[in-house]
Number of protein chains: 2
Amino acid sequence: MDQDMSYEEYVEQVRKGILTSSGNCPVTPLLVMLQGKWKFQIIYELCVKGQIRFGELKKSLAGITNTMLTSSLRELERDGLVSRVQFNEIPPHVEYLLTKRGEALLPVFYAMTKWGFEYIP
Amino acid sequence: MDQDMSYEEYVEQVRKGILTSSGNCPVTPLLVMLQGKWKFQIIYELCVKGQIRFGELKKSLAGITNTMLTSSLRELERDGLVSRVQFNEIPPHVEYLLTKRGEALLPVFYAMTKWGFEYIP
DNA sequence: CAGAATCCTCTGCGATACTG
DNA sequence: CAGTATCGCAGAGGATTCTG
């Protein structure tokens, strides 16, 4: 399997059932990483804002609690999508940003957005 | 906003914060539609198999229960991603397939797959 | 400011049994 | 065959309080 395969090649592979959802399909791990109510929005927000403080991030995610934001960020960090930069100041100062791996999700958002513009009223 | 915008235009819009995750971003509704443990796999399976019977679909989704498959399919149908074709026979015969709207998700899968091949060991 | 610690609620999901 | 009808539970997620 080639990571440079074209869309047409991809579709062909899918139709042939070479890529299965359960087996060697690389989509599943990503879906697992993005599971949870807030993960996607957090990543999206980091795409928009670049580097951002915990408090600011919380403000842009209407409704999220400290607990959920913290645990989501920890998991995203563990999965290598987000990195945490800690400034040793008082009061504390922490910033979050996407890793290369996380930023590479932008084409996924792009595909979703194009779908949305076409199929959502 | 233009549905024909290029990836570069899209990234620019994102950076400018024109598309927000909470507001006019068309990604959120899609994410909602795809929420749940099995939705994505179901759609993927329908991509692979084309048109498929309930029982066959269940077999290809290892571990899913009748209840979950039914309720997931109902919701996907309600959201216009899947259509149900009922043959009036005894014993019952029902087939499921993607709508145009559902098939249009393939580019999203493609983007995810490309990400996976590059960033998953 | 950026969280950790608790407690609590709700629901997504599974297991099982039944039916037209 | 293609589902419904119940029941039960783990765990995701919310609310609140506390702290270095």
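Labels below follow one simple rule: chain letters A, B, ... track the order of the sequence lines, proteins then strands, and each chain is numbered from 1. Since the structure is predicted, the reported quantities are computational estimates derived from the model, not experimental observations.
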Applying a 4.0 Å non-hydrogen cut-off, can you work out what B:Y96 is touching in the nucleic acid: base, sugar-phosphate, or nothing?
sugar-phosphate
Counted 5' to 3', the first and last nucleotides of DNA chain C within 4.0 Å (strictly under) of a heavy-atom of chain A are C:dC1 to C:dA5
Sequence neighbours excluded, the answer for ring-ring contact (aromatic ring centres under 6.0 Å, His included) partners of B:F54 is none
Footprint ends on DNA chain D, 5' to 3', for atoms under 4.0 angstrom from a heavy atom of chain B, come out as D:dC1 to D:dA5
Grouping ILVMFWY residues whenever side-chain heavy atoms fall under 4.5 Å, the cluster of A:V85 otherwise contains A:F87, A:L97
Any sub-3.5 Å donor-acceptor pair from B:Y44's side-chain atoms to A:L19's backbone N or O?
yes
Check whether A:T99 reaches the backbone of A:L81 with its side chain - one donor and one acceptor, N or O, closer than 3.5 Å. yes
Within residues 63-75 of chain A, the residues having a heavy atom closer than 4.0 Å to DNA chain C are A:N66, A:T67, A:T70, A:R74
In A:L98, A:I42, A:L46, the residue satisfying side-chain contact (heavy atoms from CB on, under 4.5 Å) with A:L76 is A:I42
Checklist entry - So do B:M112 and A:M112 actually touch side chain to side chain, heavy atoms under 4.5 Å? => result yes
| query | Looking only at atom types and distance, does a side-chain atom of A:R15 sit under 3.5 Å from a main-chain N or O of B:C47, one as donor and one as acceptor? | reply | yes
Hey, does the side chain of A:E9 reach the backbone of A:S6 with a donor-acceptor pair shorter than 3.5 angstrom?
yes
With sequence neighbours left out, the residues meeting side chain to side chain contact (heavy atoms under 4.5 Å, CB included) with B:Q86 are B:R84, B:N88, B:V94
Look at all strands and tell whether B:P91 reaches a base, only sugar-phosphate, or nothing, counting heavy atoms closer than 4.0 Å. sugar-phosphate
